[in-house]
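Have a look at the structure below before the remarks.
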Amino acid sequence: VISGPALLLGALGVGVLAVYVLRRFEALAALVAAGLALVLGVALWRIPLDRLAVVGSRPVTMGQPLAWNEMTLQITPASRAVLVFLLGMSAAAFILAWRGYQGRTFYPFGLAMVALWSVSAMLLPLALAPLGIALAAALAVFVIQAGRPGEVHGAWRQLLFPTLAVPLFLIAAWSIEQGPLNPDDQTPYRVAGWLLVVGFVLLLQPAPLHVAVPAVARQAPPVVAVFLWLGGQATVIFLLQRFLVAYPWLGESLDSASWLLWLGVLTILIGGMLAATQERLGGLVGYAGLYDYGVLLVALGLRSTAGLPTAVWLLLTRTVALLTIAEGAALIRHHMESDRFHQLEGAAGRLPWAVAALVIGGFGLAGMPLTAQFASRWSLLQLLAENDLRWSLLMLAGAGGVLIGVIRAARATFGPLEGSPVEREPALTSILVMGLIAVSIALGMAPQLLTGPVAAVILPLSTFGP
Amino acid sequence: LTFGDLFRQLSLLAALPAALAAGFLAAVIVVVRDWRAVLLAYGLFSALISLLLAQVIPTEWALLQAITGGLVAVMLFLSARQLRVGPAPGADRALPAGLRRAIAWPRLASLPAFRLMALAVTVVVYLSVQDAITLPIVSPLFNDLILWLGLIGFLGLALHEEPLHAGLSLMVVIASAELLVFSLTQQRMVVGLAMAGQLILGLDISYLALSHGLALPPLREEDG
């Protein structure tokens, strides 16, 4: 009987090789990568974990663990939710990347990164799980740089912090093992707790360690950058949740809620303020994404009964908003051959759907009405106000900054076209962008569409073991 | 007497000189600009760390560090060789030797005097905190070496934005973490993953060094 992890990683491994071979035929590579991710995601979601299923005439039990030396990989109900999210998000990103001209190496490397994030989500012992995130960051270097000589800040910063975090988790694991040897002494747990906090801050990279986000946004193709943030951040947040469930003393002794809340608020402020002052689309997407990430951290920091569902809800809606703004920015950057505001004049006339995606995605990140993020943000604002009204006001101030940045970018695209003629958006690209905008508005008007998926994820996340 | 036994006994006998030499070579990696000297220092540094690791993990596992370090040094050498001439080989010939050297790869963000001063400050910091920090289980010699390598590695990360030097500084920090982690826990899987991770990191550093070096900014007028 084949185990779920073996099937998933085996399929992704074969997919990486196939897509690497096919990378010169970009459309085919994108479709194969997206198709594989989608099929695996649907299979994971539909096939019960505890029952025998038949896949290609071979029996498979998705929940069966795969053990190798001291490591075990297992798909639990909680990890299944993250895996489905990673696969679904990557399928969308591959299709958008193809129409957004993001570079052909993205598809094989993207699939490999999904495999590594998946390993991180399934791996026991927990102390080794950050290694998957660090290895994914090491692969990310190649898609961020994408063969271009020049600045390497984004790739380097993306690599640095996860690499530094890994030893902290290994030392923390040793320290936790020492705890039961002398039950009266709480020092090992205290030391482990602080090591884990520092390790998670390095992995989460909130402000003031956010330096990788704007650097990647400026340097990497927009859809690739958003893919890296969505996948990496979701995996790290899930890992944090696994640690908090596995080691309940961690949340109690170190007041993890409090530091997440404060770091989230700081991230919101920095992201919002700097989004308002950007002069390039890359920087705007980066800081607007940073603001949105701060909002997610604040939701996690609430840790109340409503905090976790709101965080999951935000995670889903931010995916739509980030992919929308990234696709808009990618198309404008490609067609206008620049992403500097002062060189975008006339883009609205030639690339109306790309500009619409930029605006709708940006408004979504600011949490404006009629966008996917509105309902989740509104609910978070209310939750925050119950704790402290000032936090809600700070969140609104950050949203104001993002809004100003998006309006400045949109204004820059109006006016007559100057310089060389600009090719119009291809029809298929316009249809994809229209689809993204439609999903964003539909979720804004009917947020209850996400109630089912959110509810299905909450129980395993909050109650099941690591 | 097997090779493993010999290596382990050598590790015990030469622990102090090896630790001192590793500490010195780490400083060379961070301070010296010349890429050949830096790569040679890194190769030797890896061999010495491997020798020291043989005290806490089986020799076969410890030797992996020397092999990994050697492979990383070779990867970096191959990248560096493509960049050693500088950004504009033809144009450079006309420049005075001192200036030609100044614009050649790798271009560091700080002057040698500044790096030496930063090193001196790091030595002072090390001497002031050395007695206050005691790591569990670890021998006093390892304790001091881990602390020194950690400090000097972070100094390198703070000083350099050029990928070769910054990357090797990160490798020094990782070596420091390895000495600590492998002293605390001896798991084959962790050793293997750490070495594989270093190889991938070496590949990343080589790639970034090439990407950065191939696009060095042109010489400004006032420089000439």
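Just so it is clear: chains get the letters A, B, ... in the order the sequence lines come, proteins before strands, and each one is counted from 1.
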Exercise. Do A:Trp174 and B:Ile137 come close enough that some side-chain heavy atom pair is under 4.5 Å?
Worked result: yes

For this session: Pick one of side chain, backbone, both or neither for B:Leu201, based on which atoms fall under 4.5 Å of a heavy atom in chain A.
Result: side chain

Problem set entry | Closest-packed option against chain B by number of heavy-atom pairs under 4.5 Å, given A:Glu151, A:Gln178, A:Gln145 | A:Gln145

Exercise. By a 4.5 Å heavy-atom criterion (distance strictly below it), what part of B:Phe154 contacts chain A: side chain, backbone, both, or neither?
Worked result: side chain

Problem set entry | side-chain contact (heavy atoms from CB on, under 4.5 Å) assessment of A:Met71 paired with B:Leu193 | CA-CA 12 Å; A:Met71 296 194 299; B:Leu193 287 173; 4.2 Å; yes

Exercise. Is it true that atom CZ of A:Phe161 has more than 12 heavy atoms of other residues, nucleotides or ligands lying nearer than 6.0 Å?
Worked result: yes

Exercise. Taking it one step at a time, do A:Ile171 and B:Thr185 satisfy side-chain contact (heavy atoms from CB on, under 4.5 Å)?
Worked result: CA-CA 9 Å; A:Ile171 300 167; B:Thr185 173; over 6 Å; no

For this session: Tell me, out of A:Ala155, A:Pro167, A:Ala138, who's got the most heavy-atom pairs with chain B below 4.5 Å.
Result: A:Ala138

Exercise. Counting N and O atoms only, with roles assigned by atom type, does the side chain of B:Tyr207 sit under 3.5 Å from a partner on the main chain of A:Val141, one being a donor and the other an acceptor?
Worked result: no

Problem set entry | Residue part contacting chain A, namely of B:Ala166, when any heavy atom lies under 4.5 Å | both

For this session: For residues B:Ile174 and A:Leu164, determine if any side-chain heavy atom of one lies less than 4.5 Å from a side-chain heavy atom of the other.
Result: no

Exercise. Could you walk me through whether A:Phe142 and B:Leu208 pass the side-chain contact (heavy atoms from CB on, under 4.5 Å) check?
Worked result: CA-CA 9 Å; A:Phe142 299 99; B:Leu208 290 178; over 6 Å; no

Exercise. Given a strict heavy-atom distance threshold of 4.5 Å, which part of B:Leu210 is in contact with chain A: side chain, backbone, both, or neither?
Worked result: neither

Exercise. Are more than 12 heavy atoms from other residues, nucleotides or ligands located less than 6.0 Å from atom CD of A:Glu337?
Worked result: no

Problem set entry | Engaged part of A:Ala146 at the chain B interface, taking heavy atoms whose separation is under 4.5 Å | backbone

Exercise. What part of A:Trp156 lies closer than 4.5 angstrom to a heavy atom of chain B: side chain, backbone, both or neither?
Worked result: both

Problem set entry | A:Ser175 portion near chain B, given a 4.5 angstrom heavy-atom threshold | neither

Exercise. Any side-chain heavy atom of B:Val190 sitting closer than 4.5 Å to one from A:Leu170?
Worked result: yes

For this session: Please say whether more than 12 non-hydrogen atoms of neighbouring residues, nucleotides or ligands are located less than 6.0 Å from CZ in A:Arg148.
Result: yes

Exercise. CG/B:Asp204 to CG/A:Leu160 distance, rounded to the nearest 0.5 angstrom?
Worked result: 12.0 Å

Exercise. What residue in A:Leu159, A:Val191, A:Leu135, A:Leu131 has the most heavy-atom pairs under 4.5 Å with chain B?
Worked result: A:Leu159

For this session: Return yes when atom CZ of B:Phe24 has more than 12 non-hydrogen atoms of other residues, nucleotides or ligands closer than 6.0 Å, and no otherwise.
Result: no

Problem set entry | Spacing of CD belonging to B:Gln187 relative to CG belonging to A:Asn69, to within rounding of 0.5 Å | 10.0 Å

